[in-house]
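Before any comments, here is the structure.
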Amino acid sequence: MAKKFSTTSGIEIKEVYTGPSQMDELPGEFPFTRGIQKDMYRGKAWTMRQYAGFSTAEESNKRYHYLLTQGTTGLSVAFDLPTQIGYDSDHELSEGEVGKVGVAIDSLEDIEILFDGIQLKDITTSMTINATAPILLAMYIALAKKQGADLHQISGTVQNDILKEYAARGTYIYPPTPSMRLITDVFEYCSKEVPKWNTISISGYHIREAGSTAVQELAFTLANGKAYLKAALDKGLDINVFAKRLSFFFNCHNNFFEEIAKFRAARRMWAHITKELGATDAGAQKLRFHTQTGGSTLTAQQPLNNIIRVSNQALAAVLGGTQSLHTNGYDEALSLPTEAAAKIALRTQQIIAFESGVTDTVDPLAGSYFIESLTNEVEAAAQLYIDKIDAMGGAVKAIEQDYIQQEIAASAYQYQIDIENGEKVLVGVNKFVQQEDAPRNVFRVDDSIRKMQMEKITKLKNKRNNNAVKDNLQLLKMAASGTENLMPFIVSSVENYATLGEIADTLRSVFGEY
């Protein structure tokens, strides 16, 4: 029998393609298949971000200054697990995790150190934070105010996407309903106080990292996006205002053409979703997205091969029309990226931007019979999932019924089976294998970091106005028990140096844990 070829999502690849083409569509025009700007990278390159954060605020601050000197045009902050799930570094559940997968942030004092010497008005900052997103955003706003920045001009993104946490990643705190309230409170607050801030980055990245296919990543991410749109509409917000500040965060794996087709299909599908829900402003119909190369595609075996994988993925993201890009370090299957690996990752983006020529024209693969057909097939396959989720009552209901989680798990299992039986080739893992020495120059964070953070918390509590903290937390608790927007109360609490854990615990006392 002739071998069949297919994408990672199971879409069969034909031997040859003829039509259809979307050549009658123009970039910058509805439904934005070919890009959200008319000139795309001819006018401005994508934002080059490098995801960084580890150990203490002091150490991460050094890495940020280094990256800025190397040509990074936007910062992307990684937080440690205790910060992500609302525990201070001195909490017993924080032991062994402080500063390990990101920077430890316990209070506004840590944020002040994290951005020491960096003017927030001059950069954009992306923060990968979800359950505690309102607290970290409040700290960022408080620091911007202390620096004298115009809050109407500062810009960046807070991930703030809790639905994918329930489905794929696990760093949730509260039940879905109060979690959705916190998200829409951020939408409402920022639309008035920080209008250039992207209030959510709806993430397919973690769905893909958990084992989904490209089609599932697209479908589940857009289904979550629909849930956020509807929650904001139920709150009485104007879709033509808040939808402009929604952004997306996609993964980019190794199947070059499928990834490009996924990005093109995503723009088209989101344009129709927002239009159907009442968006009439083109800005509210555009899907803007950040891309990160696929962390789960990196191998501990022959790690230098990851440079080629990342280059392939980064090029696909650019050809797919990303607005922002993070390239992984080649050593991230072993540890946090070393400084040398981070530099190569950034240089990868710069070579694509300034040497490859792919930025000279908009949507250079448009009209390719293969790309146009694959874009249509990816869209059709994703739409089947979305229709099924809609029939369940939306993404929240689908998650509560364990549907999305089970679909991801089944896909992840099949992927592993395909690797183990050799159906899927991983160079250096199940083919072209060689004996290797143990890795050297691996980046490790010392457990003593927790002791340092605990000492900082003790000093902070001894010098701050504890009565003011107590009063602010009590006001926050009362507001959480009612219907008021919680962001002003959170901002006031962090400005008085309440810790992240204290604020999260106050909300736990009202909302409970999930």
Start with the C-alpha gap between Q313 and N254, add the side-chain angles, then the distance that decides, and say whether side-chain hydrogen bond (donor to acceptor under 3.5 Å, both in side chains) holds.
CA-CA 6 Å; Q313 295 162 9; N254 289 327; 2.6 Å; yes
Return the set of residues passing ring pair (Phe, Tyr, Trp, His ring centres under 6.0 Å) with [X] (not counting sequence neighbours), or none when no residue passes.
X    : result
F289 : F250, F263
Y172 : Y166, Y514
F32  : none
Y64  : none

Taking only residues two or more places apart in sequence or in another chain, which ones pass salt bridge (charged side-chain N to carboxylate O under 4.0 Å, His left out) with [X]?
X    : result
D116 : none
E29  : none
R288 : none
K145 : E495

According to the salt bridge (charged side-chain N to carboxylate O under 4.0 Å, His left out) rule, which pairs have a member within [range], sequence neighbours left out?
range            : result
residues 241-250 : K244-D281
residues 213-225 : R208-E217, E217-K262
residues 163-172 : E165-R169

In terms of side-chain geometry, is the basic nitrogen of R264 or E372 positioned less than 4.0 Å from the acidic oxygen of its partner?
yes
Aromatic F187 / basic K235 pairing, under 6.0 angstrom, 45° off normal
no
Measure across I129 and V158 and return the closest heavy-atom pair with its distance rounded to 0.1 Å.
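Distance-wise, the nearest heavy atoms are CG2-CG2, 3.6 Å.
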All heavy atoms of S212 vs all of S411, minimum pair found to be C-OG, 3.6 Å
Under the side-chain hydrogen bond (donor to acceptor under 3.5 Å, both in side chains) rule, collect the residues that match up with R508, sequence neighbours excluded.
D505, E513
Any donor-acceptor pair under 3.5 Å linking the side-chain atoms of Q84 with those of D80?
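Their side chains do not contain a donor-acceptor pair, so the 3.5 Å distance test is not met.
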